[in-house]
Every structure is written in C-alpha cells, then in structure tokens.
Participant: 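Starting off with a structure, shown below.
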There are 2 protein chains.
Amino acid sequence: MSSSDLTISDRIQRKLDELTRAERQLAHSILENYPASGLGPLTALAKGANVSAPTVARMVQKLGYKGYPEFQAELREELKAKAKNPIAKHDAWAEGAPSGHMLNRFTDAVIENIRQTLGQIDPDQFDTACQMVAEPRSRVYIVGGRITHTLAEYLFLHMQVIRPEVVHIQSTSNGWPHYLLDVKEGDVFVIFDLRRYENNTLKLAEMAHKKGAKLILFTDQWRSPVDRLTDITFSGRIVVPSAWDSNVTSLLLIESMISTVQNLCWGDTKDRAEALEDMFDQTMLFRKFT
Amino acid sequence: MSSSDLTISDRIQRKLDELTRAERQLAHSILENYPASGLGPLTALAKGANVSAPTVARMVQKLGYKGYPEFQAELREELKAKAKNPIAKHDAWAEGAPSGHMLNRFTDAVIENIRQTLGQIDPDQFDTACQMVAEPRSRVYIVGGRITHTLAEYLFLHMQVIRPEVVHIQSTSNGWPHYLLDVKEGDVFVIFDLRRYENNTLKLAEMAHKKGAKLILFTDQWRSPVDRLTDITFSGRIVVPSAWDSNVTSLLLIESMISTVQNLCWGDTKDRAEALEDMFDQTMLFRKFT
DNA sequence: AGGGAGGTGAAAAAAATCTTTCAGAATTTT
DNA sequence: AAAATTCTGAAAGATTTTTTTCACCTCCCT
C-alpha cells in the first residue's frame with residue numbers, strides 16, 4: 001500500500017456516508033466479493049451493481065484515486081501484500097541487525113526461495129524419485145559440476161551409508177567416461193546442474209540416457225538443458241542478494257531425500273550404519289558424543 | 001472455477017514442460033506474485049517478466065484460454081472462490097502433499113532452525129568474521145571433517161575466486177600436518193565441526209591456535225570442543241526429522257558470508273575483478289537482451 | 001407547483017489494452 | 001557446417017475499456 005496503511009475495503013466503508021445512492025449500491029457490490037469484483041473491467045462492475053459506468057468512475061475518484069486503473073493497481077498491491085504476509089512476518093531475522101543487513105536480506109531471500117520452490121514441487125514426483133534412489137537393484141550414480149559437486153558429494157556421503165552401489169562422479173573430472181562403461185539399464189543418475197550449466201554434465205547425461213539409465217535432475221528455476229532427458233526434475237529457486245546463486249533450497253531437498261530414502265531402506269541401513277560406526281570407532285576419527 | 005477443479009497455478013505448472021524459454025520465464029513471474037500480477041494489464045505483466053506482450057498473449061492461449069481477458073476472468077473466479085472458503089490450506093509448504101509428508105515436516109524444521117539460529121547470531125560478530133576473512137594480508141585456511149568438508153569446499157570454491165591465498169584442508173586426510181608448517185600469526189582458520197565432533201579437527205585447531213592463527217568456527221547448537229579456542233563461533237541449529245543432522249543453516253551462513261566478503265573485497269586485484277565481472281555477467285545474464 | 005441543485009446514465013470521444021502480423025534471431029535438425 | 005524449424009519481439013491494427021460530455025431526471029425548497 002502506497003499512501004496509508006488502510007485497505008481499500010476500509011476506505012470504502014469509511015466514506016460510505018458521503019456517497020450517493022447509486023454509489024452506495026456500487027460500494028456494497030464491491031465489498032460483496034472483495035477484492036475479485038474490483039479487479040475486473042469497470043463496465044462489468046457497473047453492470048453487476050446495476051449502476052452506470054460513469055458512476056463507477058466518479059466514485060473511484062471520490063475515494064481519492066485518479067482513475068479506475070489506479071484504483072485497481074492499489075487493489076492488486078493489497079492482494080500481493082496479503083499473499084506474502086503469512087510467511088514474511090519477520091521483519092528482522094537477526095535481531096539487533098538493521099533490516100538492511102546482509103544477514104537479514106539474505107535470509108529473506110532464502111526463505112522466499114524455499115517457499116516458492118516447495119510450492120511448485122509435486123510430492124508424488126518426490127516420492128517416486130526417492131523410491132528410485134532407494135531401489136536396491138539399481139546402482140546409483142551421483143553427478144555434480146564445478147560448484148555443485150559439493151552438493152553431489154554431500155548426497156553421496158549419506159547414501160553411501162544408507163545403501164550399497166553408490167558412485168560419485170564429477171563431471172568436470174576427466175575420469176568420468178570410465179564410469180559409464182558399467183552403466184546398465186535401470187541404473188539411476190542423480191544429476192546436479194545449476195547455472196551456469198555445464199557442457200560436460202549435459203554430455204554425461206546424454207550418454208547415461210542412451211544407456212537406458214533413469215535420470216533425476218536437480219536444477220534451478222530456469223532449468224538446465226538436461227531437463228529434456230530426465231524422468232524427474234526438481235527446480236529450486238536460487239536468487240539471493242549476491243553475485244552468486246544460493247544452493248540452500250537444493251540442500252534442503254537433498255536432505256529431505258536422504259531422510260526419506262533412509263526410511264525406505266531402513267532394514268538395510270541399520271546394519272550398514274552399525275558396521276560403519278564400528279569402523280570409525282576403531283580408527284578413532286570421532287570423539288564419542290557425551 | 002468453471003470447467004475443471006484445477007487452479008490456474010496448477011495448470012501452469014502442469015504445462016511448464018511444454019512452454020518455451022520466454023514463456024517459462026513468464027510463467028514463473030506469474031507464479032511469483034500469484035495471482036496479483038496476472039490481474040494487471042498484459043503489458044505490465046510482460047514487462048515484469050522481461051518478455052514481450054505477444055509472448056503473454058501466446059502463452060495464455062496455450063493454456064487454453066481464448067485470450068488474456070478470459071484468462072483474467074478465470075483468475076478472478078478463482079479468487080472469488082478462495083475468498084468464500086474461509087480456511088484454505090496454506091499450512092503446508094508443498095501444496096498437494098499432506099501436512100505429515102516428509103517435505104513439509106522437514107521444511108518446517110528447517111525454517112525453525114533458521115529462525116532460531118539467526119535470532120542468536122550477533123551481527124557484529126558476523127561482520128567481524130567477514131572482515132577477517134576478507135583481510136588480504138592473512139592467508140585463509142578452510143577446514144572441514146568427514147561430512148562437513150563439503151561445506152568447507154563450497155566456501156573454498158567461492159573464496160578462491162574472491163581473494164588469493166585461500167587453502168582448503170580436510171582434517172580427515174593425513175596430509176594436513178603439512179599445511180600447518182606455513183601458518184603464520186594472524187592467519188585465519190575457518191573451521192567446520194558439527195557433531196559428531198572429530199578428534200582430528202580439534203587437534204588441528206589446537207595447533208593452529210598455538211601458532212597464533214585466528215579461528216572462526218561453524219558448529220551446531222551444542223558446540224564443538226573447538227569453541228574454547230575460537231575468536232568467533234557460529235552455532236546453527238541442525239535438528240530435523242531425520243537420522244541425520246541438517247546443514248542448511250550452515251550453508252545459509254556460508255553463503256551470506258560469501259556475499260559479504262565479496263562486497264568487502266570488491267576492486268582488489270584487477271585480474272580478479274575482471275574475472276569476477278565476467279562471472280557476474282555469465283551468472284546474471286541468463287538471456288540476451290536486445 | 002415552479003425553480004434549482006445535484007445525481008444519473010446514454011452516447012461519443014479518448015485512451016488504453018489486446019491481438020495479429022511479420023521479419024529477424026535463436027535453436028534444432030540434417 | 002548448412003538448412004529448416006521454432007521462437008521472439010517490434011510495430012501496426014483491432015478491440016475493449018475508460019473517461020468525458022450532456023441531456024434528463026429526481027428530489028428538495030420556497
């Protein structure tokens with residue numbers, strides 16, 4: 001809202017006394033299904049209220065707008081603000097920092113990214129992808145690029161514990177063609193390709209596809225060209241106030257997938273985790289958690 | 001909704017694959033402030049999405065409407081229907097998934113983690129840490145453990161572009177004692193140690209500390225034993241409905257730090273600046289403007 | 001009842017919005 | 001590497017929407 005913090009609905013009700021008969025009739029019609037009716041064409045609104053078009057134009061001016069379009073624009077603003085509101089109630093995430101502080105701006109962006117991304121994900125596809133990754137008969141190849149190989153490795157490190165036959169390939173390394181020799185039909189590729197999209201990753205995906213492997217892609221909202229080849233694609237939002245893109249939403253999806261796959265593999269995982277734990281204990285890599 | 005029970009939002013998402021690049025860009029713009037932006041004039045929508053007016057006209061036709069006005073009319077119908085129905089969903093992140101679905105439970109937990117973590121961070125400490133990492137006279141060592149070395153590498157890959165003299169050490173590798181020979185007073189260590197805390201990381205931190213290096217630690221809410229030695233500690237919440245811990249908050253902090261450090265280092269080395277500019281272009285301009 | 005002030009809507013004028021066309025650009029296929 | 005296909009946006013044309021004008025109507029007051 002530009003000028004005041006009043007909604008248009010409030011404004012109308014406040015001015016109700018100063019309005020003429022036809023205008024009051026119109027006002028009630030607007031409030032009847034607010035704000036939808038006010039967002040349509042002026043003539044439709046007039047007709048719906050059984051008044052003439054000029055009456056609408058005049059009332060809108062009485063309310064303080066220059067014309068009907070301006071009135072509509074404010075209605076849309078109001079709607080926009082309302083849609084964002086339930087989530088964006090936090091004006092500052094890091095208390096004690098000005099709201100313009102990088103931490104707050106960045107967190108705002110990330111939360112919005114998460115909200116948008118999750119809103120567009122098809123839960124069935126997510127479940128299907130998890131089942132594919134959990135399938136014990138398939139080998140799972142995890143592929144990342146220059147930056148994203150860190151995400152790939154993160155997934156790999158967990159999957160390695162959860163199930164056997166997991167391989168991590170880095171598309172930027174020159175050793176990857178080697179791995180493709182072993183790929184058999186039904187194997188699963190989990191591919192990370194966020195902009196800038198990498199040629200090597202695309203080539204690798206194509207070859208895997210040709211071999212009959214199933215492809216799961218993690219990409220951004222603009223979608224890597226690999227998208228054409230995949231069985232399932234997850235596109236996350238990555239925009240943050242930075243010269244770089246954010247991979248937070250990707251990590252969120254990865255971790256959710258890890259958790260879901262682990263539940264699917266539970267029986268196997270238990271044994272494997274225990275075995276691994278023993279190994280680590282013996283090598284004294286970890287301190288015991290007290 | 002007149003014909004089917006699908007919302008326009010659903011329809012758009014369903015058709016997303018059949019759309020062209022510009023159209024997809026537009027689609028995302030519509031979903032961004034849904035439904036407000038779709039209720040404005042066609043030209044404004046086109047401008048907001050950085051596409052031309054005809055693209056909008058074509059896409060709505062692809063979606064099955066006779067023209068833009070018809071599309072808007074349906075949007076308004078949808079809005080009207082939603083207003084009548086007092087309690088719409090909106091408590092679920094992934095619409096269409098039951099609120100008990102892993103995606104929703106996980107996202108809830110992550111958002112809560114972010115909220116809690118950011119609430120406890122001291123912005124001044126954050127700024128100080130960023131300045132330390134940006135300091136050109138210090139060498140920066142980035143250290144991670146078995147899982148967390150992926151986070152460390154993520155930070156490293158970005159820092160590497162932003163400033164010289166950055167080193168990535170993996171505490172689980174047996175080569176790390178080598179690196180410590182070169183450490184001089186005033187060098188900076190960024191250490192990742194989330195549970196389960198690793199003995200090697202602690203040892204490495206102790207030796208670095210003894211050499212007069214400054215320590216920045218990323219850990220969890222229970223805090224790694226390294227905490228005693230550090231100048232600055234960031235503790236993130238990591239609890240999620242999973243057998244594993246979440247590193248999303250850590251990544252959020254890392255990315256914020258990257259962005260802040262980059263701002264501080266702006267215009268350091270000429271080559272570096274040019275390289276950055278180049279990358280910036282490639283990152284930001286995903287399509288050409290004419 | 002007659003005069004006047006303000007209210008109202010039909011119709012025309014003005015403005016904007018939407019659609020179509022077409023040529024150039026980008027992409028894919030051969 | 002060249003050809004064909006598809007995509008895209010500028011500009012013009014078509015349509016709709018909004019505003020203005022103006023005559024008529026109603027209601028109130030003397």
Side-chain angles (χ1 to χ4, degrees), chain A residues 15-30 36-76 195-197 199 202-203 205-206 209-210 222-229, chain B residues 8 15-30 36-76 282 285-290:
Chain A
K15 283 246 182 186
L16 214 56
D17 297 330
E18 306 171 29
L19 299 179
T20 66
R21 180 192 52 74
E23 284 169 350
R24 199 146 41 209
Q25 196 173 323
L26 167 64
H28 279 113
S29 177
I30 292 176
S37 53
L39 291 163
L42 181 148
T43 44
L45 179 58
K47 206 168 161 193
N50 273 310
V51 298
S52 68
T55 300
V56 180
R58 277 191 293 259
M59 190 186 84
V60 160
Q61 286 178 0
K62 255 194 200 170
L63 289 173
Y65 302 101
K66 207 177 160 195
Y68 189 66
E70 191 180 304
F71 167 78
Q72 286 191 311
E74 187 123 342
L75 267 183
R76 284 196 300 273
R195 73 177 187 191
R196 334 161 12 204
Y197 315 117
N199 257 326
L202 179 58
K203 274 188 197 141
E206 276 167 352
H209 181 66
K210 212 166 282 176
W222 298 284
R223 302 203 173 194
S224 142
V226 176
D227 182 39
R228 290 173 314 185
L229 310 170
Chain B
I8 294 194
K15 284 252 182 182
L16 214 56
D17 295 328
E18 304 171 30
L19 298 178
T20 66
R21 178 189 55 71
E23 286 168 347
R24 195 144 52 209
Q25 198 171 323
L26 167 64
H28 277 111
S29 178
I30 293 176
S37 54
L39 290 164
L42 182 149
T43 43
L45 179 59
K47 205 167 163 194
N50 272 313
V51 299
S52 69
T55 301
V56 180
R58 277 189 295 259
M59 193 185 82
V60 294
Q61 286 178 2
K62 256 195 199 171
L63 290 174
Y65 303 99
K66 208 178 158 195
Y68 189 67
E70 190 179 306
F71 167 79
Q72 287 190 311
E74 186 124 343
L75 266 183
R76 285 195 300 273
Q282 283 163 343
L285 296 181
F286 49 95
R287 63 189 292 271
K288 286 185 183 159
F289 295 96
T290 45

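Both backbone and side-chain heavy atoms feed into the values below; hydrogens, waters and symmetry mates do not. To find a chain, count down the sequence lines: A is the first, B the second, and so on, and within it residues start at 1.
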Participant: Given that B:P54 and A:R228 both sit by DNA chain C, which one's nearest nucleotide is further toward the 5' end?
Facilitator: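 Taking each residue's closest nucleotide, the earlier one in sequence belongs to B:P54.
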Participant: In whole angstrom, give the distance that lies between atom OH of A:Y68 and atom P of C:dT17.
Facilitator: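 From A:Y68 OH to C:dT17 P: 13 Å.
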Participant: With no hydrogens and no angle check, just 3.5 Å: does a side-chain donor-acceptor pair link B:R76 and B:Q72?
Facilitator: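 Per modelled atom types, B:R76 and B:Q72 side chains form no pair under 3.5 Å.
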Participant: Go nucleotide by nucleotide along DNA chain C from the 5' end; which of B:V60 and A:N50 gets its closest nucleotide reached first?
Facilitator: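 This one resolves to A:N50.
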Participant: Could you tell me the separation between the CG atom of B:L42 and the P atom of C:dA16, rounded to a whole number of Å?
Facilitator: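 Spelled out: CG on B:L42 to P on C:dA16 is 16 Å.
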Participant: Under a 4.0 Å threshold between the charged nitrogen and the carboxylate oxygen, would A:R223 count as salt-bridged to B:D17?
Facilitator: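 Looking at A:R223 together with B:D17, the answer is yes, because their closest N to O distance falls below 4.0 Å.
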Participant: Using a 4.0 Å heavy-atom cut-off across all strands, classify A:P41 as base, sugar-phosphate, or nothing.
Facilitator: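 Sugar-phosphate: the residue A:P41, judged by heavy atoms under 4.0 Å, touches backbone atoms but no base.
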Participant: Using whole Å, report how far OH of A:Y65 lies from P of D:dT18.
Facilitator: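 Between P of D:dT18 and OH of A:Y65: 16 Å.
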Participant: Between A:K62 and A:E23, is the closest basic N to carboxylate O distance under 4.0 Å?
Facilitator: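 The answer is yes: the pair qualifies as a salt bridge.
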Participant: Show the nearest heavy-atom pair for residues A:L229 and A:H209, with the distance to one decimal.
Facilitator: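 In terms of heavy atoms, the two residues are closest at O-ND1, 3.4 Å.
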Participant: Is the phosphate of C:dG6 approached by A:T20 (side-chain N or O, under 4.0 Å from OP1 or OP2)?
Facilitator: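 Answer no for this pair, as no side-chain N or O of A:T20 is under 4.0 Å from OP1 or OP2.
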Participant: Have a look at A:R21 and say if it touches a base, only the backbone sugar-phosphate, or nothing, with a 4.0 Å heavy-atom cut-off.
Facilitator: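 Touches sugar-phosphate only.
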Participant: Within the pair B:Q61 and C:dT20, is there a side-chain N or O less than 4.0 Å away from OP1 or OP2?
Facilitator: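 It does, given that an N or O in the side chain of B:Q61 lies less than 4.0 Å from OP1 or OP2 of C:dT20.
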Participant: Between atom CG in B:L39 and atom C1' in C:dT17, what is the gap in whole Å?
Facilitator: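 So the CG-C1' distance, B:L39 to C:dT17, works out to 15 Å.
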Participant: With sugar-phosphate meaning primed atoms plus P, OP1 and OP2, does B:E70 contact a base, only sugar-phosphate, or nothing at under 4.0 Å between heavy atoms?
Facilitator: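 The answer is nothing, as B:E70 stays clear of every strand by at least 4.0 Å.
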Participant: Once you round it to whole Å, what is the distance between C1' of D:dT6 and CD of B:E23?
Facilitator: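 In whole Å, D:dT6 C1' lies 11 Å from B:E23 CD.
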Participant: Nearest heavy-atom pair of A:T55 and A:A22: which atoms, and what distance?
Facilitator: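 Scanning both residues, the minimum pair turns out to be CG2-CB, 4.0 Å.
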Participant: Heavy atoms from C-beta onward define the side chain here; which of D:dT17, C:dT8, C:dT19 lies closest to that of A:T43?
Facilitator: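 Taking heavy atoms from C-beta onward, the closest nucleotide is D:dT17.
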Participant: Can you measure B:L19 atom CG to D:dT8 atom P for me and round it to whole angstrom units?
Facilitator: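 Rounding to the nearest Å, CG of B:L19 and P of D:dT8 are 10 Å apart.
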Participant: Grab the NZ-P distance between B:K62 and D:dT8 for me, whole Å please.
Facilitator: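 Nearest whole value for this atom pair: 8 Å.
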Participant: Can you measure A:K47 atom NZ to C:dA10 atom P for me and round it to whole angstrom units?
Facilitator: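 That distance rounds to 12 Å.
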Participant: Could you pick out which residue, A:G40 or A:R58, lies toward the 5' side of DNA chain D when each is mapped onto its nearest nucleotide?
Facilitator: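 Result: A:G40.
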